[in-house]
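Here is the naming used below: chain letters follow the sequence lines, and residue numbers restart at 1 for every chain.
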Amino acid sequence: MAVMTYLEAGRRALEEEMRRDPRVWALGEDLGRGGVFGQYKGLQETFGPARIVDTPISEAAIMGAAVGAAMVGTRPVVEMRFADFALCAVDELVNQAAKARYMFGGQGRVPLVVRQPSGMWRSSAAQHSQSLEAWYAHIPGLVVVCPATPADNHGLLAAAIRCDDPVVYMEHKDLWGLEGEVPEGAEPTALGKARRVRAGGDITIVTWSKMVHVAAEAAAMLERDGIAADLIDLRTIWPWDREMVLGSAGTTRRCLVVHEAVQAGGFGAEIAATVAEELGVKVKRLGAPRLPVPYAPPLEEACKIAPERIVAAAREML
Amino acid sequence: MAVMTYLEAGRRALEEEMRRDPRVWALGEDLGRGGVFGQYKGLQETFGPARIVDTPISEAAIMGAAVGAAMVGTRPVVEMRFADFALCAVDELVNQAAKARYMFGGQGRVPLVVRQPSGMWRSSAAQHSQSLEAWYAHIPGLVVVCPATPADNHGLLAAAIRCDDPVVYMEHKDLWGLEGEVPEGAEPTALGKARRVRAGGDITIVTWSKMVHVAAEAAAMLERDGIAADLIDLRTIWPWDREMVLGSAGTTRRCLVVHEAVQAGGFGAEIAATVAEELGVKVKRLGAPRLPVPYAPPLEEACKIAPERIVAAAREML
Amino acid sequence: MTRPNFDAARMLGHYRTMSRIRAFEEAAEAGQKSGEVRGAVHLSIGQEAIASGVCVNLAAADYIVSTHRGHGHSIAKGADVGAMMAELYGKAGGTCRGKGGSMHIADFTIGMLGANGVVGAGIPIAAGAAHAVKLRGGGEVVVCFFGDGAMNRGPFLEGLNWARIYDLPILFVCEDNGFAATTRTRSLSGGRGPDARAESLGIPAMEIDGNDVQLVDETASGLLSAIRAGGGPRFLLCRTYRLKGHTAHDTAPYRPASEVEERRRHDPILKCREALLLHGVPAAELERVEAEAKAEVGSAVETARRMPWPDQSIAWEDVQDVGAAQWR
Amino acid sequence: MTRPNFDAARMLGHYRTMSRIRAFEEAAEAGQKSGEVRGAVHLSIGQEAIASGVCVNLAAADYIVSTHRGHGHSIAKGADVGAMMAELYGKAGGTCRGKGGSMHIADFTIGMLGANGVVGAGIPIAAGAAHAVKLRGGGEVVVCFFGDGAMNRGPFLEGLNWARIYDLPILFVCEDNGFAATTRTRSLSGGRGPDARAESLGIPAMEIDGNDVQLVDETASGLLSAIRAGGGPRFLLCRTYRLKGHTAHDTAPYRPASEVEERRRHDPILKCREALLLHGVPAAELERVEAEAKAEVGSAVETARRMPWPDQSIAWEDVQDVGAAQWR
Ligand SMILES: Cc1ncc(C[n+]2csc(CCOP(=O)(O)OP(=O)(O)O)c2C)c(N)n1
Ligand SMILES: Cc1ncc(C[n+]2csc(CCOP(=O)(O)OP(=O)(O)O)c2C)c(N)n1
Ligand SMILES: [Mg+2]
Ligand SMILES: [Mg+2]
C-alpha cells in the first residue's frame with residue numbers, strides 16, 4: 001500500500017505496464033514534457049522517445065496511427081489531452097478502431113487505450129469540459145472506463161492496457177490531485193465490475209468518476225438522517241455491472257443515477273431505463289442540464305451537481 | 001396534395017426554401033450530379049453552382065465552412081452523404097456549430113442544417129449503416145430531426161432550414177423510395193412536435209424514422225388481437241415531445257420505445273427513463289443489439305427489428 | 001518497339017495477376033447486377049497495373065492498406081480469390097466471415113490490412129502500421145493505396161506528415177483516376193496535385209503512367225528498395241483511369257463516351273499484352289492465362305453461390321472480449 | 001538607419017495598439033496568477049506586431065477568426081478592452097456574458113468571429129465566412145489567424161484547399177512562434193514549412209519577420225489589396241516568438257534562458273519604439289501612449305473586478321431556440 005495521487009497512480013500503471021510488456025507504447029502531444037497534466041512525467045527519460053512519442057497536433061493521425069499500430073501487434077496508449085479534442089478523431093475511433101475487428105470478421109484486433117481527460121475543471125468552458133462517456137458506450141466494440149480513485153486509476157489503467165479491445169479511458173481532470181491508497185503489486189482491476197462504495201438498504205445510488213465523491217458526501221448526509229444508501233461506483237461504463245446494480249435496486253426498490261454529463265441522453269438513462277424495465281422500481285436521474293459548459297463560476301455551477309441535490313432527489317424517492 | 005417519394009419531398013422542400021430565401025444554399029460532394037441518392041437532382045441547373053456547391057471530399061471543411069458561413073448570415077444546408085461520414089466532422093459540428101452561440105454569449109448564431117442519411121440499407125455494413133441520433137440529442141445546442149414520411153421530409157426539412165439553430169437532419173436511406181401524400185403550399189411542420197400515427201388506449205409505442213412503419217405494421221397486428229396501440233412518431237428527437245409521450249403513457253400505463261439504433265445508450269433510454277421517472281409505469285425498449293452492422297443479410301437481420309418482435313414485446317407488457 | 005529490361009516471365013506474371021483481377025471485377029459486377037452481391041461495389045477495372053506492379057515487389061510479411069476500391073490490391077497481394085468472392089456473396093467462408101463485404105475486404109494472413117469505407121481513413125492507419133514495424137525493429141514495409149480524391153481529406157496531411165517525421169517504412173501510392181465519385185478531382189483540388197502536396201510535407205514524390213505495369217513495377221521496386229534501406233517514406237503518383245463507373249451501379253453519364261473510348265486504348269492489360277506479344281510471347285500463352293483466370297473466378301463464383309449463409313449466431317462474435325455477452 | 005515609407009502617425013498608431021495589447025496581456029497574466037481570471041489563458045506577448053500590422057488594414061466590416069491566443073487580435077480589430085477584461089473575469093458585462101472566457105473571446109460587432117479552443121478549427125470557419133461574403137457579393141475580406149502548430153492538423157489542408165478552389169477573399173496569417181505548446185513545432189513538421197504547404201495547395205505565400213510591425217503592415221496591405229481586387233486567397237507566414245510560456249501558468253523551462261534573452265531584443269514593441277525615436281518622435285510621446293494604455297487596462301481591471309457575476313439564470317440563455325425550455 002502506498003498513498004499517491006490519482007495522477008501518479010495512472011503514471012505508475014503505465015510505467016509498470018511498459019516494463020512488463022515491450023509492445024506497450026504511448027503517443028500524444030507534449031508527452032516528452034510530462035503531458036499537459038504531468039501524467040507522463042519522467043517516462044520519456046525512462047523509456048526513450050520511441051516508446052513515449054511526442055506527436056504533432058494531429059489528433060486524427062494520432063488515433064489513426066494507433067489503430068494501424070495496434071493491428072500490427074503493438075499496444076498503443078493514446079493521449080488525447082482533453083476528451084474534447086478526441087472529437088477531432090471520431091472517425092478513427094468509432095468507424096475504424098471500434099469496428100475493425102468485427103467488419104474484418106475477427107481477423108484484426110485493435111488493442112489500444114484512448115485516454116480522454118474529461119469533466120469540468122477550473123472554468124474551462126464549453127470546449128474543455130465535456131463528459132461524453134455515453135457516446136462511446138453506444139458504440140459496439142468499445143469498452144468505456146471512468147476511474148474515480150487512485151487505486152482504480154492504477155488498477156483499471158493496467159487492465160485497459162492489457163485488454164485486447166479498444167478502451168476509452170476517461171480520467172477526470174478534477175481528480176488528478178486526489179490522494180488515496182494504491183495496493184502495491186496488485187493484479188489489474190477487472191473491467192466491467194462495479195465497486196460498492198458503501199452498503200445500505202434504503203436506496204441505490206449509481207454513479208462514477210468524480211460524482212462518486214460527491215455522492216459519497218450525499219450518502220453521509222443521508223446517513224445522518226438514518227437513510228442508508230447503497231452507493232455503487234460503476235467504474236466501467238461499458239460493459240456496466242448490471243448484476244450489482246440490479247441486485248441492489250431489487251433490494252432497495254429505488255435507484256438514483258448521478259453523473260456529471262448532460263442528463264439528456266446521458267448514460268444514466270440507460271441504467272434507469274434498464275432498472276425500470278427489469279424491476280419496475282422507482283428510478284431517477286441527476287445529470288447536467290443540457291447546456292454547453294459555461295465559463296463564469298456561478299454559471300458553471302448551474303451545470304454541477306451538489307451533494308444537497310442528490311440528498312433532495314433521494315428524499316423524494318423515499 | 002400530391003403523391004411523391006420521401007426523396008422528392010426533401011428535394012422540393014430545399015428547392016422551395018431556396019426560392020423563398022436567397023441566403024439558403026447547399027454544399028456537399030457530387031451535388032451537381034444530383035447527390036449520391038438523387039436528392040439534389042436538377043437543383044444545380046436551377047440555382048447554379050454557387051448555391052448548389054460541389055465540394056471536395058473534405059467533411060471537416062464542409063462542416064467547418066458551413067459554420068463560418070452561417071455565422072456571417074447565410075443559411076447553409078450541409079450534405080454529409082452518409083451519417084457515418086459526419087464522424088469526420090464532429091469537432092466542427094459538436095465543438096463549433098453546437099456551442100458557438102452559447103460560448104460567445106449569444107453573439108453569433110449558426111443556422112445550418114446537416115443532412116445525415118442514416119440507417120441500414122442494402123447490406124451497407126458497419127461504416128455505412130449507423131443511426132446516431134442519440135449522440136446529437138446529448139449535445140446542447142443541437143436540434144435533431146428524424147422524418148419518417150414524405151410529408152414530414154417536406155415539412156420538417158423546410159422547418160429545419162428556417163430554424164436559427166443548427167439542426168441534425170437524419171433522413172433514412174431505406175425510405176427514399178417511400179411514396180406518400182405531401183400537402184401543397186403547407187406551412188413547415190413544427191419542430192419538437194410528435195405525430196400520433198394511430199390512437200389507442202392499451203399501450204403506448206414511441207418510435208421514429210423507418211421504425212414508424214415497422215411499428216405501424218406491429219400495431220395492425222396487435223389490433224387484430226384487440227389490442228389498441230397508441231403509436232407516436234416522435235419526428236424530432238431533440239427536443240422530443242414529452243407532453244404527448246407522457247400524456248399517452250399516463251393513460252395506457254405502458255410505454256414501449258422502438259428504434260433502429262443500438263439499444264444500449266440509444267435515445268430510447270432517455271424516453272423510457274423519463275417515463276419511468278415521471279409516471280412510474282411499465283417501460284420497455286427495443287433497439288439493435290450492440291453490434292457493428294454486419295454485411296451478410298442474415299447477419300444484418302440480427303440488427304433489425306421485425307414487427308413480430310414489437311408485438312411480442314407489447315404482449316409481454318400487457 | 002521493344003522495351004529495355006523486359007523480363008518476359010515477370011511480365012507474364014503481371015498479365016496473370018491483372019487478368020485475375022479483371023475477371024474478379026467482372027464477376028463482382030455481374031453479381032451486383034444480379035443482386036447476389038450487395039452493398040456498394042467499386043471496381044478497379046482499368047487500374048490493375050498499379051496493384052500488380054506495386055505488390056509484385058512485396059513479400060507476404062509486408063503490409064498493404066487499401067480503399068473502398070480494394071479487390072485488385074487484395075488479389076495482387078495474394079488473397080484467396082475464392083474467399084474474397086465468398087465475402088462479396090456474404091457467405092460463411094468469406095475472408096471476413098460475411099461481415100464486411102466488398103468495402104471491408106481484408107486478409108490479414110497475407111498482410112492485407114483492409115479495404116476501408118471511409119475515403120482517406122487508411123492513410124493514418126498505414127502510417128501507424130509502419131510505425132509499429134519500426135518500433136519493433138522489423139524489416140517489413142507498408143504500402144498505402146488511396147485515390148486522388150483522398151488528397152483533399154485532412155488525414156492525408158496528417159498521415160503523410162506522420163510518416164515523414166518518424167521516418168517510417170511506407171510507400172504511399174496515389175491512384176489518380178481523375179475522378180472522385182462523379183466529380184473530376186482536379187476541379188476541386190488546389191495546387192499542382194497530390195505529389196506536390198507530398199513534397200511540401202517533405203516526402204519525395206514521383207509521377208508515372210500507372211497503366212504501364214512494367215513502369216509501375218520498376219518504379220515501385222526502386223522506391224521500395226530505398227524504403228527498405230531506411231530511406232523513409234516515398235510517394236508514388238500513378239496516373240490511371242477508371243474504365244467503369246464509380247460503383248458497379250454507376251453508368252457514369254457525366255463523362256463523354258469519346259473520353260472513355262480514348263482511354264480504353266490505354267487499358268493496362270491491353271498494353272501489357274502488346275508488350276508481351278512484341279517480345280515474342282505467343283498469343284496462345286496469353287489466352288491460356290486469361291482462360292485460367294476466368295476459370296478460377298468462375299469456380300469461385302460457383303462455390304460462393306453454393307456456400308451457406310453464415311449462421312446468425314456469428315453476428316454476436318468478433319465484437320469485443322470485455323462484455324462480450326452483454327448486448328444491451 | 002531611417003526606414004523608407006515611414007509614416008510616423010501610422011507607426012504611432014501601431015505603438016498604441018501594441019502597447020494596449022501588452023498591457024492587457026500583462027493584466028491577464030496577473031489576474032490568472034491571482035486566481036481572478038480562470039480557465040486557460042494564452043498570452044500574445046511578443047507577437048503583438050502581427051495583430052496590429054494586419055488589423056490596421058481592415059475595416060470594421062471585415063472579419064477575423066482567431067485562436068486560443070486571441071486577445072491581441074481582438075484588441076487590434078477594435079474590441080472594447082473593458083468588455084474583454086470583464087469576460088476574462090467571468091463577469092456579466094463580458095463580451096460573451098461570462099460564458100466564454102479567454103479562449104472564447106469574441107466580438108461580433110466588430111467582425112471578430114471568435115477565438116477557438118481547438119487548434120486549427122478556425123481555418124475552415126474562416127474559409128466559410130469568406131465563402132458567405134463571396135456568395136452574397138460582399139466586398140469584405142476575412143483574416144484567419146493561426147499558429148504554426150495548426151499546420152499539422154487536417155483542417156489546415158481542407159480549409160486552405162477550400163479557399164483556393166472557390167477563390168475566396170481570405171488572408172491566412174500563420175503566427176510562427178516556433179512552438180506548439182511545449183514542443184518545437186519544426187521537430188514534428190515535415191517539409192519546409194507552412195508556406196510551402198500553402199503553395200502546394202495553390203495559394204501564394206510569403207514569409208516575413210512578424211516582429212517588424214511596419215513590414216507586417218505593408219505586406220498585409222499589399223496582400224489584402226490583391227484579395228480585395230478579387231485575387232483569391234493569400235498566405236502570410238510571420239516569424240515571431242512567444243516571450244512567455246504557452247499558458248500564463250507555464251514557465252517554459254523547456255527553452256534556454258539565453259534563447260529568450262536573445263529574442264527579447266527583438267521584442268516588436270521595442271523595435272517599433274526604436275524606429276519611432278529614430279524618426280524623431282519624442283520619447284515623452286511614447287511614454288504617454290504607454291501610460292494611457294496601462295491606464296485604460298488598469299481601469300478595465302478595476303471595473304471588471306467590481307462588476308457583478310452574471311445571474312445564474314442566464315446560464316439557460318443562448319443555447320438554442322427550439323426546445324429552449326427543455327433542459328432534460
Ligand atoms: C470521408 C468520406 N467521404 C465521402 C465518401 C464517399 N465516397 C466513396 S468513394 C468516393 C470517391 C473517392 O475518390 P478517390 O479517392 O479518387 O477514389 P476512387 O473512387 O477514384 O478510386 C467518395 C466521395 C466516403 N466513402 N468517405
Ligand atoms: C485539436 C487540439 N489539439 C490540442 C490542443 C491543445 N493545445 C492548445 S494550444 C496548443 C499549441 C498550439 O500551437 P500553435 O498552433 O503554434 O499556437 P501557439 O500556441 O504557438 O500560439 C495545443 C497543442 C487543442 N487546443 N486543440
Ligand atoms: Mg479517384
Ligand atoms: Mg506556435
Side-chain angles (χ1 to χ4, degrees), chain B residues 22-23 25 27 50-51 53 55-74 76 88-89 91-92 95-109 111 140-143 159-160 163-167 190-192 236 238-240 242 270 274 277, chain D residues 63 65 87 94-101 103-109 111 113-114 116-118 120-136 138 140 142 153-155 157-163 165-166 310 314 317-328:
Chain B
R23 297 169 306 170
W25 58 299
L27 64 166
R51 286 184 73 199
V53 177
T55 69
I57 310 177
S58 303
E59 279 74 12
I62 295 170
M63 194 83 85
V67 173
M71 280 180 175
V72 162
T74 69
C88 301
D91 172 58
E92 292 72 16
N95 282 337
Q96 312 298 336
K99 297 176 173 45
R101 180 175 168 193
Y102 193 82
M103 69 192 175
F104 298 143
Q107 295 185 75
R109 292 200 171 212
L142 297 179
V143 174
C163 178
D164 284 335
D165 303 321
V167 179
L191 297 171
T236 305
W238 193 272
W240 62 286
R242 285 166 64 98
E270 180 63 32
T274 304
E277 285 169 333
Chain D
Y63 299 103
V65 170
E87 186 59 32
T95 52
C96 305
R97 312 178 79 194
K99 294 183 176 180
M103 264 193 296
H104 308 298
I105 203 92
D107 188 346
F108 280 54
T109 61
L113 299 179
N116 208 308
V118 180
I123 300 177
I125 292 177
H131 205 136
V133 165
K134 181 163 179 177
L135 202 58
R136 66 184 187 210
E140 306 93 336
V142 178
R153 283 214 58 225
L157 178 149
E158 295 192 13
L160 265 67
N161 184 60
W162 193 279
I165 60 175
Y166 302 115
I314 78 153
E317 294 172 8
D318 307 319
V319 185
Q320 58 194 106
D321 290 344
V322 176
Q326 194 164 329
W327 304 116
R328 10 163 229 136

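Here the NZ atom belonging to D/Lys99 is positioned 14.0 Å from the NZ atom belonging to B/Lys99, to the nearest 0.5 angstrom. Separation of atoms CD (B/Glu59) and CD (D/Glu158) is listed at 7.0 Å; rounding is to 0.5 Å. Note that CG of B/Asp91 and CZ of D/Arg153 are 6.0 Å apart. Values are rounded to the nearest 0.5 Å. For the atom pair B/Leu27 CG and D/Tyr166 OH, the distance stands at 7.5 Å (nearest 0.5 Å). To the nearest 0.5 Å, atoms CG (D/Asn161) and OG1 (B/Thr55) are separated by 10.5 Å. One finds the CZ atom of B/Phe104 at 15.0 Å from the CZ atom of D/Arg97 (value rounded to the nearest 0.5 Å).
Considering only heavy-atom pairs separated by less than 4.5 Å from chain D, the leading option among B/Gly141, B/Pro76, B/Pro166, B/Gly106 is B/Gly141. In terms of non-hydrogen atom pairs under 4.5 Å with chain B, the most contact-rich of D/Val133, D/Val65, D/Asn116 is D/Asn116. Looking only at heavy-atom pairs under 4.5 Å with chain B, the residue among D/Gly101, D/Ala132, D/Gly122 that has the most is D/Ala132. For the set D/Ala163, D/Ala121, D/Ala106, the entry with the most heavy-atom pairs within less than 4.5 Å of chain B is D/Ala106. Ranked by non-hydrogen atom pairs under 4.5 Å with chain B, the options D/Ala129, D/Gly323, D/Gly159, D/Gly100 are led by D/Ala129.
Residue contact with chain D, scored on non-hydrogen atoms closer than 4.5 Å, involves the side chain of B/Glu270 exclusively. In this structure, the portions of D/His104 lying under 4.5 Å from any heavy atom of chain B include both its backbone and its side chain. Interface residue B/Trp240: backbone and side-chain heavy atoms are both found under 4.5 Å from chain D. Contact of D/Glu87 with chain B is not made at all, since no heavy-atom distance falls under 4.5 Å. Contact annotation for D/Ala126: neither backbone nor side-chain heavy atoms come within less than 4.5 Å of a heavy atom of chain B. Heavy atoms closer than 4.5 Å to chain B are found nowhere in D/Leu157, neither backbone nor side chain.
For D/Pro124 against B/Ala61, the heavy-atom pair with the smallest separation is CB-CA, 3.9 Å. In terms of heavy-atom proximity, D/Ile125 sits nearest to B/Met71 at CG2-SD, 4.2 Å. Closest of all the heavy-atom pairs between D/Gln320 and B/Leu142 is NE2-O, 3.2 Å.
Looking at D/Pro155 and B/Glu92, their side chains come closer than 4.5 Å, going by heavy atoms from C-beta outward. Considering only heavy atoms from C-beta on, D/Cys96 comes within 4.5 Å of B/Gln107 through its side chain.
Of the possible donor and acceptor atoms, one in the side chain of B/Asp165 sits under 3.5 Å from a partner among the backbone N and O of D/Val322.
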Checklist entry - Can you list the steps and then say if D/Val118 with B/Gln96 is a side-chain contact (heavy atoms from CB on, under 4.5 Å)? => result CA-CA 9 Å; D/Val118 180; B/Gln96 312 298 336; 3.7 Å; yes
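Applying the side chain to side chain donor-acceptor pair (under 3.5 Å) criterion to D/Gln326, with sequence neighbours excluded, gives no partner residue.
Partner B/Val72 forms a side-chain contact (heavy atoms from CB on, under 4.5 Å) with one of D/Leu113, D/Val142, D/Leu135 and no other, that one being D/Leu113.
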